[in-house]
Each structure stands twice: as C-alpha cells, then as structure tokens.
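What follows is a short report on a single structure.
FYI, the numbering just counts along the sequence from 1. Being a predicted model, the structure only gives us computed values, none of them experimental.
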Amino acid sequence: MGLCVASLTAWGTWLVFARVWLPVNGRVPWSLPEFLEDAYQRGVVRSTSSDPPASRTA
C-alpha cells in the first residue's frame, strides 16, 4: 500500500523507478554503494576530492 501511495508523487515515482524498477531489470545493482566500493577496490573508479591541489610556492 505504501509503495502505491508513494508513487503518486513526483518524488515517489522517482523512488520507485530508481530503487525498484532499474535493479529488477538489471540496469543498476541493488546496492549502489557496495557496487561503487567494489569498483574502487578493483581500480575501475577512483576517489577524488573537490578541493583544488595545494600549490607549492618556493
């Protein structure tokens, strides 16, 4: 019942689509954080920082 009620709002529709429909159809893994952690450990993706690199002044 809650899933049906949630899908009546714009946010609910997106939630149902992103968290249920895409994984069921194999478009994304069920646990995206676990997938990204595994990809990071395998070296497929890397972690970056939003901070600019520190410049050295001599």
Side-chain angles (χ1 to χ4, degrees):
M1 169 106 172
L3 192 60
C4 292
V5 172
S7 66
L8 296 177
T9 66
W11 176 246
T13 302
W14 171 250
L15 182 67
V16 169
F17 178 73
R19 298 299 291 168
V20 177
W21 182 253
L22 291 176
V24 164
N25 288 301
R27 301 289 183 173
V28 296
W30 279 103
S31 177
L32 191 57
E34 288 178 15
F35 170 78
L36 293 175
E37 179 64 31
D38 181 57
Y40 175 75
Q41 290 175 356
R42 293 173 187 253
V44 178
V45 296
R46 61 185 172 147
S47 177
T48 61
S49 172
S50 61
D51 297 331
S55 61
R56 294 185 178 189
T57 57

Which residues share a side chain to side chain contact (heavy atoms under 4.5 Å, CB included) with A18, sequence neighbours left out: W14
Side chain to side chain contact (heavy atoms under 4.5 Å, CB included) involving L36 - partner list, sequence neighbours excluded: L32
Joint hydrophobic cluster, F35 plus V45, side-chain heavy atoms closer than 4.5 Å: no
Residue pairs fulfilling side chain to side chain donor-acceptor pair (under 3.5 Å) with at least one residue in residues 16-31, sequence neighbours excluded: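 Every candidate side chain to side chain donor-acceptor pair (under 3.5 Å) pair involving residues 16-31 fails, so no pair, neighbours aside, qualifies.
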Contact list for residues 29-39, test salt bridge (Lys or Arg N to Asp or Glu O under 4.0 Å), sequence neighbours left out: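 Checked against salt bridge (Lys or Arg N to Asp or Glu O under 4.0 Å) - neighbours excluded - the pairs reaching residues 29-39 are D38-R42.
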